[in-house]
There are 2 protein chains.
Amino acid sequence: MLTLHSRRVKRILLYAAIGGVLIALLRLIEYEHFVHAYPAEMYGGLLAIFFTAVGVYVGLRWMRAKEVVVIREVRVRDDSPFAANETARKDLGITPREHEILVLIAEGLSNREIGERLFVSENTVKTHSSRLFDKMDVGRRVQAVQKGRELGLLP
Amino acid sequence: MLTLHSRRVKRILLYAAIGGVLIALLRLIEYEHFVHAYPAEMYGGLLAIFFTAVGVYVGLRWMRAKEVVVIREVRVRDDSPFAANETARKDLGITPREHEILVLIAEGLSNREIGERLFVSENTVKTHSSRLFDKMDVGRRVQAVQKGRELGLLP
DNA sequence: GCTGAAATCATCCGAACGGATGACGACAGA
DNA sequence: TCTGTCGTCATCCGTTCGGATGATTTCAGC
């Protein structure tokens, strides 16, 4: 829209400039003489130029917004890099650490392995996962993974 | 493209028609008298009309090809209905029953619940899942779900 | 009729998991 | 400074899971 608009403005300015140039030209080449020698042609020419400009303007105005928008729905495999849904996470009151544990659970790691990965004790992992399950309202890790996927918490 | 083209044709025809009508009108209302009474205004008017039309035409001609085709690529989740990958299943030697159990595991059910769902004992379910894990080369149900998804064994 | 695959059920054991609860330090915000 | 949240660790207990092993039945295919 902006492009089209500024393009029309450009065009109007162009015609104005052309008009100016023509007038200047007339001044240069014995305007007075010319006008007196061919008054009808002069007026006719000016009229022609002016109304051509008007025509252009009117025509464009009516044809404006004829930007044909084709919405082509392309089916693409949705492999957007996955930005974890922070909103959903916060809505459920899940802390970043808990979310981290959820991700590792989804990878199929045991609590022990998660603990090793994060350099914390297995007990800590269990605490986190317990609270996580509470907040997600699930009772098993597979359910957590499933629900996490639905909520956009997991890829 | 077709629309725009035929629209321009329509417009040209419209102007032609208007011109025709005007001429007819002049004929009707004492054309001769009118022309002789106001010759300059007549010519001026005709010129104005004509060049307005010319302007419209020229303007449209230059602005033509402005059928901006916006290809809006809509990202759609590729949820093809999921036909369980029989090939992968057979390649791994996974029996239909085992696959059935895999699906229920992926739903987050416990072995007991799966047994109830399938009207078999929990022990049976355990046997199936054990053999399933063997064949899938995993050691935990979450891993089985994850791998099953990769292999197209799960939605 | 024998063979093999598939499905069923069982038992035993150790590991993993889930739930409940308590405690402590760090740190942000009122 | 007090409070609340977060992250950490622990213990206890009961459940679930996974692995190993053995047994029975059914049924299709040779």
Side-chain angles (χ1 to χ4, degrees), chain A residues 84-151 153-154, chain B residues 84-151 153-154:
Chain A
N85 189 345
E86 282 293 306
T87 311
R89 210 209 70 212
K90 285 175 181 160
D91 281 356
L92 293 175
I94 295 173
T95 72
R97 197 55 157 175
E98 285 161 359
H99 179 256
E100 210 174 345
I101 265 104
L102 174 59
V103 171
L104 295 178
I105 285 178
E107 284 182 21
L109 301 187
S110 70
N111 287 337
R112 179 183 309 277
E113 288 164 342
I114 294 175
E116 286 165 4
R117 182 83 70 96
L118 299 182
F119 304 107
V120 296
S121 92
E122 185 187 348
N123 291 310
T124 304
V125 177
K126 287 184 60 178
T127 307
H128 283 316
S129 61
S130 274
R131 285 207 269 257
L132 180 64
F133 295 161
D134 260 10
K135 291 170 183 174
M136 296 184 73
D137 192 30
V138 296
R140 274 184 277 280
R141 35 182 65 211
V142 178
Q143 291 175 343
V145 172
Q146 197 201 26
K147 199 152 188 175
R149 216 179 295 278
E150 287 171 6
L151 295 173
L153 261 35
L154 293 173
Chain B
N85 189 345
E86 282 293 306
T87 312
R89 209 209 71 212
K90 284 174 181 161
D91 281 355
L92 293 175
I94 294 173
T95 72
R97 197 54 158 175
E98 286 161 356
H99 179 256
E100 210 174 345
I101 266 107
L102 174 60
V103 171
L104 295 179
I105 285 178
E107 283 183 20
L109 301 186
S110 70
N111 287 337
R112 180 184 308 278
E113 288 164 342
I114 294 174
E116 285 166 4
R117 183 83 70 95
L118 299 181
F119 304 107
V120 297
S121 91
E122 185 188 347
N123 293 310
T124 305
V125 177
K126 287 185 58 177
T127 307
H128 284 314
S129 60
S130 274
R131 285 207 267 260
L132 180 65
F133 295 161
D134 262 8
K135 292 171 183 174
M136 296 184 74
D137 192 30
V138 296
R140 275 185 277 281
R141 34 183 65 209
V142 178
Q143 290 175 344
V145 172
Q146 199 201 25
K147 199 153 187 173
R149 213 178 295 278
E150 286 171 8
L151 295 172
L153 261 36
L154 294 173

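Here is how names work: the chains are called A, B, and so on, in the same order as the sequence lines, proteins then strands, and each is numbered from 1. What's counted below: heavy atoms across the whole structure, side chains too, no hydrogens, waters or symmetry copies.
A:Glu116 is linked by a side-chain contact (heavy atoms from CB on, under 4.5 Å) to A:Arg112, counting only residues two or more places apart in sequence or in another chain. Partners of A:Ser129 under the side-chain hydrogen bond (donor to acceptor under 3.5 Å, both in side chains) rule, at least two apart in sequence or in another chain, do not exist in this structure.
The distance from atom CD of B:Glu122 to atom C1' of D:dG18 is 12 Å, rounded to the nearest whole Å. Rounding to whole angstrom units, CD1 of residue B:Ile105 and C1' of D:dT16 are separated by 12 Å. Taking atom CG of residue B:Leu104 and atom C1' of nucleotide D:dC17, one finds them 16 Å apart after rounding to whole Å. With rounding to whole Å, A:Glu100 atom CD is found 14 Å from D:dT8 atom C1'. Distance, A:Lys126 NZ to D:dT16 P: 15 Å, rounded to whole Å.
Taking the C1' atoms of five terminal pairs at each end of the helix from C:dG1-D:dC30 to C:dA30-D:dT1, the two resulting helix axes are inclined by 40°, rounded to 10°.
The CZ atom of A:Phe133 lies 10.5 Å from the CZ atom of A:Arg140; values are rounded to the nearest 0.5 Å. Note that CG of B:Asp137 and CG of B:Leu92 are 9.5 Å apart. Values are rounded to the nearest 0.5 Å. Here the straight-line distance linking atom CD of B:Glu113 with atom CD of B:Glu122 works out to 10.0 Å at 0.5 Å rounding. The structure places CD1 of A:Ile94 at 7.5 Å from CG of A:Leu151, a figure rounded to the nearest 0.5 Å. To the nearest 0.5 Å, atoms CG (B:Leu104) and CZ (B:Arg141) are separated by 10.0 Å.
Phosphate proximity of D:dC9 to A:Asn123: absent, as no side-chain N or O sits under 4.0 Å from OP1 or OP2.
Under the 4.0 Å criterion applied to side-chain N and carboxylate O atoms, B:Glu150 and B:Lys147 are not assigned as salt-bridge partners.
Residues B:Val125 and B:Leu118 are not in side-chain contact: their nearest non-hydrogen atoms beyond the backbone lie 4.5 Å or more apart. Side-chain contact between B:Leu154 and B:Leu102 is present, with heavy atoms from C-beta onward closer than 4.5 Å. Counting only heavy atoms from C-beta outward, the side chains of A:Ile105 and A:His128 never approach each other to under 4.5 Å.
The outermost nucleotides of DNA chain C lying under 4.0 Å from heavy atoms of chain B, listed 5' to 3', are C:dA6 to C:dC17.
Contact between B:Arg89 and B:Thr95 at its shortest, heavy atoms only, is NE-C, 4.0 Å.
Side-chain atoms of B:Ser121 and B:Thr124 include a donor-acceptor pair closer than 3.5 Å.
Nearer to the 5' terminus of DNA chain C, by closest-nucleotide assignment, is the contact made by B:Gly93 (compared with the other of B:Ser121 and B:Gly93).
Near DNA chain D, meaning a heavy atom under 4.0 Å from it, residues 107-114 of chain B has B:Ser110, B:Asn111, B:Arg112 in order of number. Of the residues in residues 128-145 of chain B, B:Ser130, B:Phe133, B:Gly139, B:Arg140, B:Arg141 come within less than 4.0 Å of DNA chain D through at least one heavy atom, sorted by number.
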